[in-house]
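Here's the structure we're looking at; comments come further down.
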Amino acid sequence: MIAPAAKNIASAGQLDQLRQRLRVDAERYKVNIAVCGGTGCQAYDCQAVIDAFDQELARRDLKDTVRLRCTGCHGFCERGPLAVISPSGLFYQQIKTEDVPEIVDKTIIGGEVIERLLYREPITKDRIREESEVPFYKHQQRIVFGANGIIEPTNIDDYIAVGGYQALAKVVGALSAQEVIDIVLRSGLRGRGGGGFAAGRKWEITRDQGGDTKYVICNADEGDPGAYMDRSILEGNPHSVLEGMLIGAYAIGAAEGYIYVRAEYPLAVRNIGVAVAQAEEAALLGENILGTGFNFKVRISRGAGAFVCGEETALIASVEGRLGTPSAKPPFPAQRGLFGMPTNINNVETWANVPQIISRGADWFAGTGTPKSKGTKVFSLVGKINNTGLVEVPMGITLREVVFDIGGGIPKGRKFKAVQTGGPSGGLIPESMLDLPIDFDELTGVGAMMGSGGMIVMDEDTCMVDIARYFMNFLREESCGKCTPCREGIKNMLHILTRICQGAGNEDDIGRLEALADGIGAAALCALGGTAPNPVLSSLKYFRDEYLAHVKEKRCPAGVCTALITLSIDAAKCKGCGRCVKVCPTDAISGGVKKAPAKIDQAKCISCRACFETCPFDAVTIV
Amino acid sequence: MGVDLEPVGRLCESHVSNRTSLVMLLQETQDKYGYLPREVLKQITREIDVPLARLYGLATFYRSFTLTPRGKHELCVCTGTACHVRGAPTVLQHLQRRLGVSPGETTEDGLFTLVTVNCLGACALGPLLVVDGKYHGKITVGEADELLSSLAEAAQQNPQ
């Protein structure tokens, strides 16, 4: 790693000079290699690929002319490890360490393209050369994620070179607090954490409270399962979040900020820690920032594994070192927050939008999106989808475009069933609503919600009752237990759903679920409790027939609920490989050797589906 | 059972001088000891003015704290929604049956601790099993079995 040149920057002028110098310095590199180092690619062991590049470049004495960067997440997690080689922008995917010497030889030195490593369009079978031409990227609009694949997150110089901290310099040098708030208000930026409250309005309320001590907090406790965009921003471009917080703190009048980051994200915790330390050394955090008399420092608070701490009052309690349980609002954190002082909380993605809005202007930002939802939104597109990954799209794009044009549709030719958005507070959106434009209000209108941006795609093999049960189980485990409706109500809903999944439910159970949902929705203390019944309500709304099949016919149409299914082996498809015999926990499968088809003894079978998941020939059938 | 109480003393000192939160103190303590031993929690009550009940309250409220030692190997099944729809429950149930423990528990021989996590955000690899920090993506029951067997075998050949 190269040590950053950014130290003790005393004025906006010095920041400009440094930027110019960094840009001139960068010209000596003829080639830039950006290998994705996000958590997704780390899981594919991209570190080995990076190390291989490093050794290979050293061995050929190329390190002075070729710059190797381990960047943040590029988003296309499905195809990792990935690398982009500039200036041509060549996009290689699923790189193995063995490929590296060849890449250095042929592409870096010889300027040749290695066809094998290019992305292949699944339908046309065309090989695509550049990242921007891959359908997954082509329909995206990358604002927050723009720099993610270009800069090294652990080097502040990279951020400064692409224009980082320019917005801060503009704000502290030339704008009043009110002017900053006006810009954010005019941009129409709404909080990306779930609620969708106008960010500028929240800032204004916090600023208008009396007293000298105020705080800003970055909520990075991204707890919704299936959502990881905030993690990728913190991992890949942590300075954009710091810069956003600095600008917010200036507008609000805060001298101290906290970043509350989920402990399950070790790389994000590390990278934001490095970023804070480097920003301090560069004097962009601390006293008298850029010589303007503005002071701001940031502390990092690591979460301890409680979903409820994503709720702002619970988060504050946790930062203070107490049990992370929510408290009644009002007073809102903007009025009485951390240590009893006015506190402005925004999530990672919201903060990361701020520098762009300041640099490019409110009108530019408001030019994207729908009348009431401006800008872009990052979604994590996961589940039964071909192109799993992070996508940044303009508000107002339809679900169909996201799932099919960007996501490439459903694997194995299965049929699309629904998308779940908004995590445990959200709901399901069925196929009939695929043309829904995505924005805050449209999603809420159909009983789902934007949430933080998780988008979980489900196909015909997903049981909607099981999904509802899954979320209730999640929420029962994560309910903090402070208020009775959430603590006891969810437990009862889970009990009923479990009964239905086991084939012991009856038609009255559906009414009971609805009654409990009403009660919890009306009486729970915090927003997480109040929205907890949503997954059940929306699945009942759009997939009631699946519930009825479970309670009336004792049948699971998707073949998921183990108590309601029978497994058998199709002798015509079975090749006798024996894999099912090996994984069966109750020794219920016989045969399956020397190409003789396997057979399931129904008396012993517990329908655990292990054989179904294992069979490579789709010979295990479920009825 | 003698637990070295010197490290926690130092952690308490830095907690007081840096005015960090109790949650952070417990996190640092667990980082140091691997779990939160009873003697260590008692020592904290002696070093700083805080009732033991409050420490237990925090230690049992937050999922990342554990009051019992962990096994030699940690098996972590991601149970996020994306992994769930891709078959994580089958893998989890299989591991539970084979090891005879529920999530959060350790096998009697002290070899395996089975845990779950709500989402690691490596959804492209779902279902995901993390063994001692190493990610095993698109895991099947059969592959999980093989991993377990090889770890158990290694432990037998090389006991501590």
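Just so it is clear: chains get the letters A, B, ... in the order the sequence lines come, proteins before strands, and each one is counted from 1.
Minimum heavy-atom separation, A:Ile385 to B:Arg86: O-NH2, 3.9 Å. Closest approach of B:Cys123 and A:Gly226 over heavy atoms only: SG-CA, 4.1 Å. Listed here is the closest heavy atom pair of A:Tyr44 and B:Ala124: OH-CB, 4.0 Å. Here the shortest heavy-atom pairing between B:Thr90 and A:Arg609 reads CG2-C, 3.9 Å. Taking both residues in full, the closest heavy atoms of B:Thr81 and A:Tyr470 are given as N-OH, 2.9 Å, listed atom of the first, atom of the second, then distance. The two residues A:Val457 and B:Val85 make their nearest non-hydrogen contact at O-CG2, 4.4 Å.
Residue B:Arg98: no heavy atom, backbone or side chain, is found under 4.5 Å from chain A. Contact of A:Leu323 with chain B is made through backbone and side chain together, with heavy-atom distances under 4.5 Å. For A:Thr462, the part sitting under 4.5 Å from any heavy atom of chain B is the side chain, from C-beta outward, and nothing else. Residue A:Asp459: no heavy atom, backbone or side chain, is found under 4.5 Å from chain B. Contact annotation for A:Val560: neither backbone nor side-chain heavy atoms come within less than 4.5 Å of a heavy atom of chain B. Heavy atoms closer than 4.5 Å to chain A are found in the side chain of B:Val117, but not in its backbone. Residue contact with chain B, scored on non-hydrogen atoms closer than 4.5 Å, involves the side chain of A:Tyr265 exclusively.
With a 6.0 Å radius and a threshold of 12 heavy atoms from other residues, nucleotides or ligands, A:Lys582 has its NZ atom at or below the threshold. Within 6.0 Å of CG in B:Asp49 there are 12 or fewer heavy atoms belonging to other residues, nucleotides or ligands. Environment of CZ in A:Arg414: crowded, with over 12 heavy atoms of neighbouring residues, nucleotides or ligands closer than 6.0 Å.
Side-chain contact between B:Arg97 and A:Ile606 is present, with at least one heavy-atom pair separated by less than 4.5 Å. Annotation: side chain of A:Glu613 is not in contact with side chain of B:Val91 (no heavy-atom distance under 4.5 Å).
The greatest number of non-hydrogen atom pairs below 4.5 Å with chain B, out of A:Gly321, A:Ala304, A:Gly303, is found for A:Ala304. With respect to chain B, the highest number of heavy-atom pairs below 4.5 Å among A:Cys608, A:Gly38, A:Gly423, A:Cys580 belongs to A:Cys608. The candidate from A:Arg231, A:Met458, A:Glu264, A:Met229 with the greatest count of non-hydrogen atom pairs under 4.5 Å with chain B is A:Arg231. Highest contact tally toward chain B, considering only A:Ala610, A:Gly40, A:Gly389, is held by A:Ala610 [criterion: heavy-atom pairs under 4.5 Å]. Looking only at heavy-atom pairs under 4.5 Å with chain B, the residue among A:Arg79, A:Glu478, A:Glu320, A:Glu222 that has the most is A:Glu478. The residue among B:Gly121, B:Ala144, B:Gly87, B:Gly57 with the most heavy atom pairs within less than 4.5 Å of chain A is B:Gly121. In terms of heavy-atom pairs under 4.5 Å with chain B, the best-connected choice from A:Ala306, A:Ala43, A:Pro424, A:Cys77 is A:Ala43.
Distance CZ/A:Arg262 to SG/B:Cys119: 6.0 Å, rounded to 0.5 Å. Rounding to the nearest 0.5 Å gives a distance of 12.5 Å between CZ of B:Arg63 and SG of A:Cys309. We find the CD-OG1 distance between B:Gln93 and A:Thr562 to be 6.5 Å, quoted to the nearest 0.5 Å. If you take NE2 on B:His84 and CD1 on A:Ile467, they are separated by 4.5 Å, rounding to the nearest 0.5 Å.
Between the side chains of B:Asn118 and A:Glu477, no donor N or O sits under 3.5 Å from an acceptor N or O.
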Exercise for the section: For side chain to side chain contact (heavy atoms under 4.5 Å, CB included), just list the numbers for B:Leu120 and A:Tyr228, CA-CA rounded to whole Å, side-chain angles, deciding distance to a tenth of an Å, and then say yes or no. Expected result: CA-CA 8 Å; B:Leu120 289 169; A:Tyr228 58 101; over 6 Å; no
Problem - Stepwise side chain to side chain contact (heavy atoms under 4.5 Å, CB included) check, B:Thr79 with A:Phe474 - result: CA-CA 9 Å; B:Thr79 54; A:Phe474 174 89; over 6 Å; no
Handout entry: Candidate pair B:Tyr62 and A:Ser318, rule side-chain hydrogen bond (donor to acceptor under 3.5 Å, both in side chains), full reasoning
Key = CA-CA 10 Å; B:Tyr62 290 105; A:Ser318 185; 3.0 Å; yes
Practice task
Determine, stepwise, if the pair A:Arg302 / B:Ser64 fulfils side chain to side chain contact (heavy atoms under 4.5 Å, CB included).
Solution key: CA-CA 11 Å; A:Arg302 196 155 45 108; B:Ser64 63; over 6 Å; no
